[in-house]
Amino acid sequence: MDVAWLARQIGDPSARGIAAALTDLIREGTVTAQTRLPTVRGLARELGVSSGTVAEAWSELRRHGMIRTDRRRGTVVLGPPDVPRPIRYERLGHWGDRLAIDLTIASPDTALLPPLEAALAAAAGAQGLNDYARETITPGLRGAVEPGWPFPARGWLAVGGGYEGVQLLCQTTALPGDRIAIEEPTGARLLDILERTGAQIIPVACDEHGPIPAALEQALRARPVAFVYQPRGQSPCGHAVTEERSAELAALLEPAKTLIVEDDGIGELSVSPMVSLGARFPDRTVLVRSYSKSHGPDLRIAVVGGAADAVERVRVLRSFGTGWTSRILQDTLAHLLGDADVRERVAHAREVYARRRARLAAELAARGVRTGGRDGLALWVPVRDEPAALVTLAAHGISVAPGSRYVIGPAPRHHLRLATARLTDDQDELSALADVIALAATGGGRISPSP
């Protein structure tokens with residue numbers, strides 16, 4: 001593309017103006033896919049602006065999927081703007097219809113979920129039903145969750161699931177270009193969410209006890225606006241933060257102003273105690289607790305509780321859309337949480353999930369494949385070669401999630417994530433499954449244990 005021609009099409013030489021002008025040209029077809037754009041320096045010189053201004057415009061276009069920078073070809077047009085997609089999450093497990101065992105998505109076993117009929121009937125008479133007053137959380141639901149909350153929360157909100165809660169907190173805390181510290185590896189959907197916000201992701205390495213203090217200390221030097229982590233049942237690795245580790249992290253976070261976002265994704269299904277930094281920093285910690293896996297995905301409920309200003313920002317943003325979560329669904333969950341029989345059923349499910357996870361881990365360990373973690377609904381399995389392992393498992397009718405979807409950049413080691421919630425309870429079938437997974441993981445050799 002001729003740089004002088006492009007400069008003449010740009011009336012406003014600000015970063016936003018450059019991005020808007022090029023978007024119009026691409027959208028109307030004047031600039032077509034595979035067109036190579038001028039260099040940042042060349043266009044900046046032609047427009048009489050800094051290279052940083054053009055680079056910022058290019059970053060905005062790249063974020064909306066309109067351009068791509070290739071070292072050999074330079075910056076190339078891809079096409080009109082598209083709806084941003086959760087690329088990592090969408091790529092999990094598209095293996096066709098012939099696979100017999102799906103270990104891709106860590107969804108709950110429907111046979112272990114509590115029945116909803118009585119709770120829904122009770123919630124049909126929810127206080128304020130069909131009132132357009134926007135209620136952040138019903139009195140019944142707050143009364144059910146507050147006694148077990150690990151720190152005194154000043155703000156409360158019911159949202160449509162755990163990931164929505166984390167997404168809204170990140171979206172209302174970080175501006176494009178801000179930094180957010182997060183565990184690595186971490187949830188694939190969470191990485192999709194953070195990349196969509198335009199935030200710069202600062203990885204924090206983990207071990208068996210959660211985020212490593214030295215790694216968090218390094219991340220805090222970048223002055224992140226938020227630190228997002230999973231205190232227990234960490235996905236994909238199964239870590240759980242201990243009291244000792246939490247104290248070490250708190251000492252590092254003490255002088256910072258970073259918002260602490262705790263993602264309690266499996267909530268009451270966790271076998272680990274909840275150790276929250278909110279006990280030390282209640283004014284800048286927000287806990288997002290999901291009830292989808294424990295009480296039912298179709299309830300679409302998570303509770304956000306913590307720092308009042310952070311929760312208020314989420315409430316304001318939600319007012320542009322849904323405004324509030326259905327009172328019927330909120331009070332359905334409240335009824336379930338207060339039902340003694342349901343509590344016993346959830347406790348039973350917790351034991352079953354823990355047993356299934358532990359049994360597969362033991363079977364793999366007996367075959368030379370040692371996994372880490374002690375909590376959660378998945379296993380983080382080290383493999384010699386990720387693509388080869390995926391193909392081997394698919395050939396045996398087994399689908400799993402590639403570990404590369406759970407890291408920010410190129411992974412130093414190869415892994416697979418295996419969902420364990422729906423594993424078979426038949427010992428012979430489990431042994432046969434472990435044989436295939438071990439074959440895929442080792443390729444016939446041996447590998448070192450997962451960190």
Side-chain angles (χ1 to χ4, degrees), residues 89 92 103-114 144-145 148-150 158-167 169 182-183 185-191 193 206 208-211 228-242 246 261-276 278 286-305 333 336-337 342-361 371-380 401 406 417-423:
Y89 187 68
L92 296 181
L103 304 181
T104 305
I105 305 297
S107 54
D109 185 337
T110 54
L112 297 175
L113 291 170
V145 301
W149 215 250
V159 295
Y163 277 115
E164 181 178 83
V166 174
Q167 176 185 2
L169 283 164
I182 186 168
E183 299 162 300
T186 191
R189 292 182 69 184
L190 188 51
L191 290 176
I193 287 169
C206 299
E208 289 289 301
H209 307 298
V228 182
Y229 81 110
Q230 301 169 66
R232 59 181 182 173
Q234 199 265 3
S235 178
C237 298
H239 305 150
V241 176
T242 61
S246 184
V261 178
E262 298 182 327
D263 177 14
D264 191 19
I266 63 171
E268 296 192 5
L269 295 179
S270 175
V271 298
S272 304
M274 178 68 189
V275 180
S276 172
V286 182
L287 170 62
V288 181
R289 177 167 289 165
S290 174
Y291 295 88
S292 294
K293 291 181 172 63
S294 58
H295 292 78
D298 266 317
L299 289 175
R300 306 310 308 143
I301 293 280
V303 174
V304 178
L333 177 58
L336 292 171
L337 292 172
V342 171
R343 287 198 296 271
E344 288 185 11
R345 192 179 185 107
V346 171
H348 171 68
R350 179 168 58 246
E351 293 172 3
V352 172
Y353 291 139
R355 184 169 62 248
R356 288 174 179 174
R357 183 184 191 277
R359 286 176 64 200
L360 181 57
T371 59
R374 60 185 185 276
D375 196 3
L377 304 182
L379 283 177
W380 188 238
Y406 298 85
R417 195 204 70 160
L418 277 59
T420 58
R422 296 189 176 191
L423 282 173

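Rounding to the nearest 0.5 Å places CD1 of I301 at 14.5 Å from CZ of R289. Between H348 atom NE2 and E351 atom CD the span is 7.5 Å, to the nearest 0.5 Å. If you take CG on D109 and CG on L423, they are separated by 10.0 Å, rounding to the nearest 0.5 Å.
With sequence neighbours left out, S272 forms a side-chain contact (heavy atoms from CB on, under 4.5 Å) with R232, A240, S270, R374, D375.
Looking only at side-chain heavy atoms (C-beta outward), L379 and L360 come within less than 4.5 Å of each other. Annotation: side chain of P150 is in contact with side chain of L287 (closest heavy-atom distance under 4.5 Å). Looking only at side-chain heavy atoms (C-beta outward), P297 and L113 come within less than 4.5 Å of each other. Side-chain atoms of L191 and T186, non-hydrogen and from C-beta on, do get closer than 4.5 Å to each other.
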Inset, instruction - For L336 and Y291, run side chain to side chain contact (heavy atoms under 4.5 Å, CB included): C-alpha distance rounded to whole Å, both residues' side-chain angles, the deciding distance at 0.1 Å, then the answer. - result: CA-CA 11 Å; L336 292 171; Y291 295 88; over 6 Å; no

Legend entry - CA sep, side-chain torsions, deciding dist, call: V271, Y353, side chain to side chain contact (heavy atoms under 4.5 Å, CB included): CA-CA 9 Å; V271 298; Y353 291 139; over 6 Å; no

Inset, instruction - Could you give me the CA-CA distance, side-chain angles and deciding distance for R300 and S292, then say whether side chain to side chain contact (heavy atoms under 4.5 Å, CB included) is met? - result: CA-CA 6 Å; R300 306 310 308 143; S292 294; 3.6 Å; yes

Inset, instruction - Any chance you could lay out the side chain to side chain contact (heavy atoms under 4.5 Å, CB included) test for L269 and V346, step after step, and finish with the verdict? - result: CA-CA 7 Å; L269 295 179; V346 171; 4.2 Å; yes

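Checked by atom type and distance alone, the side chain of E183 pairs as donor or acceptor with a backbone atom of Q230 at under 3.5 Å.
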